[in-house]
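So the structure is just underneath, and the comments pick up after that.
Please read all numbers here as calculations on a predicted model, not as lab measurements. Chain naming here is simple, since letters A, B, ... match the order of the sequence lines and numbering starts at 1 in each.
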Number of protein chains: 2
Amino acid sequence: MANSEQNSEPKYLDGDILIKNGRIITIDSQNRIIENGAVLLKSDIISKIGTTSEMADLNACTVIDAKGGIVMPGLVNTHTHLPMSLFRGFADDISLITWLNDYMFKLEARYIHPETVRCGTLLSCAEMLLSGTTTCCDGYFHEESVAEAVYTSGIRAVLGQGVIDFPAPGVVNPLLNVETATNYARKFKNRYSRITSSIFCHSPYTCSKETLISSKQAAVDAGVLFQIHVAETRSERDHIRQQHLKTVVEYLDSLGILDSSTLMVHAIWVTDADVEIIRQRGSSISHNPESNMKLASGIAPVLDFIRAGIPTGLGTDGSASNNNLDLFIEMDSAAKLHKVHRYDVGVLDVLSVLRMATIEGARAIGLGKITGSLEIGKKADIIILDTHKPHLVPMYNPVSHLVYSATGADVRDVLIDGEIVVKDRKILTLDLDSILVKATEIATHLVI
Amino acid sequence: MANSEQNSEPKYLDGDILIKNGRIITIDSQNRIIENGAVLLKSDIISKIGTTSEMADLNACTVIDAKGGIVMPGLVNTHTHLPMSLFRGFADDISLITWLNDYMFKLEARYIHPETVRCGTLLSCAEMLLSGTTTCCDGYFHEESVAEAVYTSGIRAVLGQGVIDFPAPGVVNPLLNVETATNYARKFKNRYSRITSSIFCHSPYTCSKETLISSKQAAVDAGVLFQIHVAETRSERDHIRQQHLKTVVEYLDSLGILDSSTLMVHAIWVTDADVEIIRQRGSSISHNPESNMKLASGIAPVLDFIRAGIPTGLGTDGSASNNNLDLFIEMDSAAKLHKVHRYDVGVLDVLSVLRMATIEGARAIGLGKITGSLEIGKKADIIILDTHKPHLVPMYNPVSHLVYSATGADVRDVLIDGEIVVKDRKILTLDLDSILVKATEIATHLVI
């Protein structure tokens, strides 16, 4: 119910948007849940949180009635390759190395250019918006085009230009990879208000020692997040051990790669000593359980990361290895996988998992102070779920339902930076039909 | 597009319903996929399958335009406890034994009676219909009330009255459990056209040797399916080994329990020799990966079952231990879990998993000749998915998308027995709002 004509004089308004009649899941330091709650926004900022009755007298330009649904922070996807949505389902059920070398790298060399990057990114943004993700952390190539598309969508993001030691889309000469990434990181650091740049170094098995060091140095110089795939497979672990007589983490640490601005993605084949190194360096983790399961990579020691206090977020990975970007389903998989893996029903309780998909993910990518929870002064990145559905009724514990029962399709409205970007499951920032048509058209030409 | 007035004289009609413009996933013996296909129904039976252009001249009372979406057999859920939807999320992240003894059995003793059974069953049926399940196999108490509610919903079902060696809902004297189940099985075997009765014996650790033997004998006498939880936990395996010096499967086999009308649910802690016993006896398996993960029970040797040719279907288990009834997400979990468990990306390929959720599930519960695939002469249990969505575009391989990308929320229409029961995501057989209100009202009274 939007009564946008309620007050015409802005000076009498208490806020721009009032969300009322919701079950507010704050994910604040006490994990408060406010029954029949309300949230007031002033411009892009959360200015008040309380019960609907406490806030009954407040005036706002727009009133959004949550109708008893859940109001919560938008989800944070800490690892994606947005344009790869164009390759979703093209090649399944093959090993990571075959998948990369015989399919993805070849497809990328032939078909990835600014126009396809733009289309694939818009497609992923549409999917993320419709499944409640308001912030993502991406690593790919032609990242300027990724940034332009993400900007159009309205999503908050950390976007990293890729570095790899062989010809990559847009960078035919691998010697120029670090330079290209450096230029991008500087140019796009503050170009768009919701987007921060980053450098995404592919991995220790596709980048030389020199590339690893220089790309990390470039990230440090630009003051941006450094993302890297780490210890994803046993073969990577064995390769590094053979070459350097070290674990993958020890090797990266010996190069000075690990600090509090490094996001380590996957981190499956790590030892207890590695966990201690990561903790000491202050690095973060992106845990991608569904991709790790699908590619048979292994199961990361997430409980150890969390116990050590290492910021650990959830990621879907690219949708070519998942195959969707729905973080609700990713939460479900994370919660269940570690239980059966450890034969312990008590591990990764629902609240821990929900925190991974929100505030801990935001912390992991350096945005913990501005998003990932509903708190006064934070950016208004908020989603509203319609819970009047058979799989969400009755509701004894909303956090349980968010992790175990809900999917992204239950998201009704999405606000980012105080802007309504999805309303009643319609995306307001993108022309969804034209994106679907364009993506389908691109796909008809793909051959390996 | 329903042009129901097209022909008023039934004698000129080629069929009652024509579904056209769909991508038909048949799940027949060749797993044929028909692009731009059509399916003609005569009453409750599939009478023709082909391309839309081949069937352009046919007349039907109702024409359903699939608009390029997927047309496929409705999913088959081989293991549920339908009324337990009322307890979803009431008690999570605790061990199976604690969960049963300290929560579920107590809740059931206090709150389960015909009225709550009816409400919980309707709630589950609504959820199953909206997520594309057209057939389910249930085991619970007050099964007459379950049957009445399932009948109202229009779902096809095998419904088993529970047998357990302590007071259960509706059967205060456990000595009467087998008799109650026997009477139910006979009375409801053919009462409703889409419903078959069954006997559901809870488990070898909650039923004595005598109860196991007599309940199986009752099922044989009535000519109905015998369902039983088998080897779900290590403690069950250890308990049986200690008591009987046998594996759980050997123990049940020694009692004559295993034959081609026995559905073994879970079957996690089984040996290679057990698999051979199951194969020889012709028994079936219901694999419930998400429940097994959430309750940290273990991972069933599903690949061995399939390799041995044992009919193996998918089940969600009750929604109190999952926590939803969405078989699309269950397919995703099954496909991924076994890959990471075996460190092999090639196991449980998408087609095998889709067959588990359809034809193999139907075979496992004794309905393989009438449902689980789209073939001429079979019952018209059909679902249509809307694939014009960002997570399903582009589509290189529809089977991949069904397993890895889709959720139940993508189901647009559902037909069971040739009857349209869901149209544009509205359930035509049930009053969803009143069910949600009633379930919420029941939940407000629950205390442990």
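- For chain B, no part of Ala335(A) is nearby; none of its heavy atoms comes within less than 4.5 Å.
- Residues Arg88(B) and His401(A) form a side-chain contact, since some pair of their non-hydrogen atoms from C-beta on lies under 4.5 Å apart.
- Of the atoms belonging to Glu290(B), heavy atoms from both backbone and side chain fall under 4.5 Å from chain A.
- Atom CG in Leu392(A) sits 9.0 Å away from atom CG in Asn324(B) (nearest 0.5 Å).
- Each of Thr98(A), Leu325(A), Leu86(A), Leu295(A) has some count of heavy-atom pairs under 4.5 Å with chain B, and the biggest count is that of Leu86(A).
- Heavy atoms of Ile329(A) lying under 4.5 Å from chain B belong exclusively to its side chain.
- A heavy-atom distance below 4.5 Å is not found between the side chains of Trp99(B) and Val345(A).
- Contact of Thr444(A) with chain B is not made at all, since no heavy-atom distance falls under 4.5 Å.
- Both the backbone and the side chain of Val350(B) come within less than 4.5 Å of a heavy atom in chain A.
- Taking Cys125(B), Gly298(B), Ala409(B) one by one and counting their heavy-atom pairs under 4.5 Å with chain A, the maximum is reached by Gly298(B).
- For Leu337(A), the parts sitting under 4.5 Å from any heavy atom of chain B are the backbone and the side chain alike.
- Heavy-atom minimum distance, Ser85(A) versus Pro394(B): O-CD, 3.7 Å.
- Looking at every heavy atom in both residues, His391(B) comes nearest to Glu127(A) through CB-OE2, 3.3 Å.
- Two residues are said to be in side-chain contact when any heavy atoms from C-beta on lie closer than 4.5 Å; Pro390(B) and Ile435(A) fail this criterion.
- Between chain A and the residues Leu446(B), Thr407(B), Leu96(B), the most heavy-atom pairs under 4.5 angstrom are made by Leu446(B).
- For the options Ala406(B), Pro398(B), Gly89(B), heavy-atom pairs under 4.5 Å to chain A are most numerous at Gly89(B).
- A cation-pi contact, defined as under 6.0 Å to the ring centre and within 45° of the axis, links Arg234(B) to Tyr343(A).
- Contact of Asn322(A) with chain B is made through backbone and side chain together, with heavy-atom distances under 4.5 Å.
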query = Please walk me through it: do Tyr404(A) and Asp93(B) pass side-chain contact (heavy atoms from CB on, under 4.5 Å)?
reply = CA-CA 11 Å; Tyr404(A) 287 133; Asp93(B) 304 346; 2.6 Å; yes

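- Pairing each heavy atom of Ile299(B) with each of Val340(A), the nearest pair is CG1-CG2, 3.9 Å.
- For Asp92(B), the part lying near chain A is the side chain, with the backbone staying farther off; criterion is any non-hydrogen pair under 4.5 Å.
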ask   = Where do Phe90(A) and Asn397(B) land on the side-chain contact (heavy atoms from CB on, under 4.5 Å) test, with the steps shown first?
value = CA-CA 7 Å; Phe90(A) 189 93; Asn397(B) 173 6; over 6 Å; no

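- Neither the backbone nor the side chain of His338(A) has a heavy atom closer than 4.5 Å to any heavy atom of chain B.
- Contact of Leu130(A) with chain B is made through the side chain alone, with heavy-atom distances under 4.5 Å.
- Of the two parts of Ser124(B), neither the backbone nor the side chain holds a non-hydrogen atom closer than 4.5 Å to a non-hydrogen atom of chain A.
- For chain A, no part of Ile442(B) is nearby; none of its heavy atoms comes within less than 4.5 Å.
- Residues His388(A) and Asp433(B) bring a donor and an acceptor atom of their side chains to less than 3.5 Å of each other.
- The two atoms that bring Val393(B) and Leu123(A) nearest to each other are O-CD2, 3.2 Å, heavy atoms only.
- The closest side-chain donor-acceptor pair between Asn323(A) and Ser405(B), if any, does not fall under 3.5 angstrom.
- Proximity of Lys336(B) to Lys294(A): side-chain heavy atoms (C-beta onward) are separated by under 4.5 Å at one or more points.
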